[in-house]
Amino acid sequence: MRDLPTGTVSFLFTDIEGSTRLLQELGDDWPHVVRDHHRLMREAFAASHGKEVDTQGDAFFAVFGRARDAVDAAVACQRALSVHPWPQGTTVRARVGIHTGEPRLEEEGYLGLDVVRASRVCAAAHGGQVVLTAATRELVRGNEPEGVEIRDLGEHTLRDIDRSERLFELSVVGLPDEHPALRAEPVAASDVLDGDWRRQLDRALGMLADPNARGWEDRLESALEQLGADITDSPTGKSASLTPPKLLTLGAIAVAALLTLATIGVIAIVVWIVQAVA
């Protein structure tokens, strides 16, 4: 279908913030805004090897074979919009969302949840903001465009999508980088614990009960090693802070270790009493 890329691709959605208000304020100048906006978007997509999948009104859907290309295009879009001389001195801001996945490409176009997720990420953003998922961020980490920093916004629930998504935003030198909270529900620490960290806790506690371990020292060491990678890793590549879910997990491991020690102590006392009586 129109020679669109397949396999692992990055979707980019854009949408002008407050377009209905701008339409009413600008009147006859609005068609000029739409025309210039479309031209700037398409130039940015083409410069980064992107393909336009669809456009509806002032919204675009584009696809890129590389995550870095999608990020480059998003930055170019925001920079172009910020310096363009708009009619009546108005300001035109677009929200941008990027997600990377492996969708199916059929005659009807791209199919699958990845398309929906990318669209929802865009809807969660504000004008002038570029928001991306963890999947995209992982592919561009360490290879960000010059003057661009990736900031962690935490876990959020996107509309109509069951699994929460860790979201990030681009901070671009020369562009405003202070935005309101995302238009998505942040995930509470307790909910995070119920997800990946809960599974991590279960595995760690399983290490304590490992019958193949030689003793409680081995079991405790194995359990802590099970958590080690998550404790030292963080979205910035530096040592992570001990967030509430991690503190709860470590606390549970510590309690389990103490219970193990207490059990060993009770057994030792019972054995000593039996030997003394004998």
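Just so it is clear, the values below take in all heavy atoms, side chains as well, and ignore hydrogens, waters and symmetry mates.
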task: Go through the steps to decide whether Arg159 and Arg120 satisfy the test side-chain contact (heavy atoms from CB on, under 4.5 Å), and finish with yes or no.
output: CA-CA 7 Å; Arg159 182 167 60 88; Arg120 296 292 189 266; 3.6 Å; yes
field: CA sep, side-chain torsions, deciding dist, call: His37, Asp58, side-chain hydrogen bond (donor to acceptor under 3.5 Å, both in side chains)
entry: CA-CA 8 Å; His37 167 266; Asp58 53 75; over 6 Å; no
- request: Test Leu81 against Met41 for side-chain contact (heavy atoms from CB on, under 4.5 Å), laying out the working first.
  value: CA-CA 9 Å; Leu81 293 176; Met41 295 293 104; 3.7 Å; yes
- request: Evaluate the side-chain contact (heavy atoms from CB on, under 4.5 Å) criterion for residues Asp177 and Val172: first the C-alpha distance (whole Å), next the side-chain angles of each, then the deciding distance (0.1 Å), finally the verdict.
  value: CA-CA 7 Å; Asp177 63 354; Val172 183; over 6 Å; no
Worked check of side-chain contact (heavy atoms from CB on, under 4.5 Å) between His156 and Glu185: CA-CA 5 Å; His156 288 76; Glu185 188 68 26; over 6 Å; no
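Counting only heavy atoms from C-beta outward, the side chains of Asp114 and His99 approach each other to under 4.5 Å. Counting heavy atoms from C-beta outward, Val116 and Asp160 have side chains that stay 4.5 Å or more apart. Within the 4.5 Å cutoff, the side chain of Phe61 has no heavy atoms near those of the Leu12 side chain. Phe13 is not listed as a side-chain neighbour of Arg95, based on a closest heavy-atom distance of 4.5 Å or more. The closest side-chain heavy-atom distance from Glu169 to Ile150 is not below 4.5 Å. Residues Thr100 and Val9 form no side-chain contact, since every pair of their non-hydrogen atoms from C-beta on lies 4.5 Å or further apart. Using a 4.5 Å heavy-atom threshold, the side chains of Thr133 and Arg166 count as separate. Within the 4.5 Å cutoff, no side-chain heavy atoms of Cys77 are placed close to those of Leu40.
In this structure, Leu167 and Asp152 approach most closely via the heavy-atom pair O-OD1, 3.6 Å. Here the closest heavy-atom approach between residue Glu155 and residue Ser164 is recorded as OE1-OG, 2.7 Å. Here the shortest heavy-atom pairing between Ser82 and Arg79 reads OG-O, 2.8 Å. Across all their heavy atoms, Ala67 and Ser10 have their closest contact at CA-OG, 3.2 Å. Scanning all heavy atoms of the two residues, the minimum distance from Ala76 to Ala44 falls at CB-CB, 3.9 Å.
Between the side chain of Glu144 and the main chain of Gly142, a donor-acceptor pair closer than 3.5 Å is present. No side-chain donor-acceptor contact under 3.5 Å links His126 to the backbone of Ala94.
Taking hydrophobic clusters as Ile, Leu, Val, Met, Phe, Trp and Tyr residues chained together by side-chain heavy-atom distances below 4.5 Å, Val96 does not share a cluster with Leu158. Under the 4.5 Å side-chain heavy-atom criterion for Ile, Leu, Val, Met, Phe, Trp and Tyr, Val63 and Leu139 are members of distinct hydrophobic clusters. Cluster membership check: Leu182 does not share its hydrophobic cluster with Phe168, using side-chain heavy-atom separations under 4.5 Å among Ile, Leu, Val, Met, Phe, Trp and Tyr. Linking ILVMFWY residues whenever their side-chain heavy atoms come closer than 4.5 Å, directly or via other members, places Val92 and Trp30 in the same cluster. Ile161 and Leu132 sit in two unconnected hydrophobic clusters of ILVMFWY residues. Membership requires side-chain heavy atoms under 4.5 Å apart, directly or through other members.
More than 12 non-hydrogen atoms from other residues, nucleotides or ligands lie less than 6.0 angstrom from CD of Gln88. Within 6.0 Å of the CG atom in Asn143, the count of heavy atoms belonging to other residues, nucleotides or ligands exceeds 12. The neighbour count for Arg42 CZ, taken as heavy atoms of other residues, nucleotides or ligands under 6.0 Å away, is above 12.
Side-chain rings of Phe64 and Phe11 stay apart, their centers remaining 6.0 Å or farther from each other.
Going from atom OG of Ser19 over to atom CD of Gln24 covers 10.0 Å, rounded to the nearest 0.5 Å. In this structure, Leu26 CG and Arg21 CZ are separated by 8.5 Å, a value rounded to the nearest 0.5 Å. Atom CD in Gln78 sits 9.0 Å away from atom OG1 in Thr14 (nearest 0.5 Å). Phe45 CZ to Lys51 NZ: the interatomic distance, rounded to the nearest 0.5 Å, is 13.5 Å. The distance from atom CG of Leu170 to atom CZ of Arg151, rounded to the nearest 0.5 Å, is 10.0 Å. The structure places CD of Glu178 at 11.5 Å from CD of Gln129, a figure rounded to the nearest 0.5 Å.
A salt bridge does not link Arg66 to Asp72: none of the charged side-chain nitrogens sits closer than 4.0 Å to a carboxylate oxygen.
Partners of Asp36 under the side-chain contact (heavy atoms from CB on, under 4.5 Å) rule, at least two apart in sequence or in another chain, are Arg39, His84, Trp86.
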